[in-house]
Amino acid sequence: MIPPELQDARIPEHIGCVMDGNGRWAQRRSLPRTQGHAAGEEALLDTVYGCLDLEVRWLTVFAFSTENWRRPPDEVRFLMNFNRSLLKRRRDELNEMGVRIRFSGRRDWRVPRSVLREMDAAEEMTAGNRTLTLTMAFNYGGRAEIVDAVRGIARAGLKPNQITERAISQHLYHADLPDPDLVIRTSGEYRISNFLLWQIAYSELVFMDTLWPDFRREHLFEAVRIYQGRRRRYGGIAEGS
Ligand code: IPE
Ligand code: IPE
Ligand code: MG
């Protein structure tokens, strides 16, 4: 159910989320950083339930960036294993809720084969669902996605005048993914960190101080409330001006 303080008519169709602050959450509790990642699972699930409450159709979450390989090997290993086990633990529940799970990012040699297998299994199991599409940006970089799109265009042999914004959009990892209406970043950092660079041209950005493991659907509702207070102009002028 849509909370009464939100307007049903202006629910974002697609929400993007930079799930940041796991390490700091753990450090504040004198725990290893990896415990912060583990605590992020509850936040992710509650956010999915929040999107289902609001009838949001698309949720894209940043789980691992192309730059996150720079972290210590133990943390990278943890994140790989953790994402694999999360998929295994949660895919039935997500499937029952009508969630279609998809991945965005590079399937390169650094991603362990066992992780790729779980990703494929989750995608396959949930492929027929349409209530909510949960895209996990994993080994994802916005610049890498644009490079990969341009490579696809070159392979397809498009002529210079056929290279349009539409052509680039169609060669991104998922041609059917709408641009996000709202992008939320937690943990009080005011940056994009290479998330969906092409798609966020006109997204509304909401930065919140909450650390990701503390994030719950109430925070999501608050971000949507802020979004509903914004006037989107797309370079034009506001309605009624
Ligand atoms: C986000 O939390 C999770 C990933 C990047 C995988 P961080 O691990 O970046 O947490 P902070 O920013 O160090 O607190
Ligand atoms: C962005 O967070 C990536 C993910 C949330 C997966 P980072 O913690 O990696 O970003 P920076 O390094 O603070 O910019
Ligand atoms: Mg971070």
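Order of listing sets the numbers, starting from 1, for every ligand and every atom in it. Just so you know, residue 1 is the first one in the sequence shown, and it goes up from there. Values reported hereafter were calculated over all heavy atoms of this structure, with side chains retained and with hydrogens, waters and symmetry mates removed.
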Confirm or rule out an N/O/S atom of Glu189, from backbone or side chain, lying less than 2.8 Å from the Mg ion (ligand 3).
no
Give the cluster check for [X] versus [Y]: same hydrophobic cluster or not, with ILVMFWY residues linked at side-chain heavy-atom distances below 4.5 Å.
X      : Y      : answer
Leu132 : Ile184 : yes
Leu211 : Leu44  : no
Phe78  : Leu31  : no

Could you tell me if Arg29 sits above the aromatic ring of Trp25, with its cationic atom closer than 6.0 Å to the ring centre and no more than 45 degrees from the axis?
yes
Set of residues that line ligand 2, where lining means a heavy atom lies under 4.0 Å from it:
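Only Val18, Met19, Asp20, Phe62, Ala63, Phe64, Asn68, Arg71, Arg185, Arg191, Ser193 have heavy atoms that fall under 4.0 Å of ligand 2, ordered by chain and number.
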Name of whichever N/O/S atom of Asp20 is nearest to the Mg ion (ligand 3)
OD1
Sub-4.5 Å side-chain heavy-atom contact between Thr210 and Glu218:
no
Between Phe64 and Trp69, what is the ring plane arrangement, given parallel below 30°, perpendicular above 60°, and tilted in between?
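Phe64 and Trp69: perpendicular rings.
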Report the hydrophobic cluster partners of Val18, with the cluster defined as I, L, V, M, F, W, Y residues connected by side-chain heavy atoms closer than 4.5 angstrom, directly or transitively.
Phe62, Tyr140, Ile146, Val150, Ile153, Leu158, Ile163, Ile168, Leu172, Tyr173, Val183, Tyr190, Ile192, Phe195, Leu196, Leu197, Trp198, Ile200, Leu205, Phe207
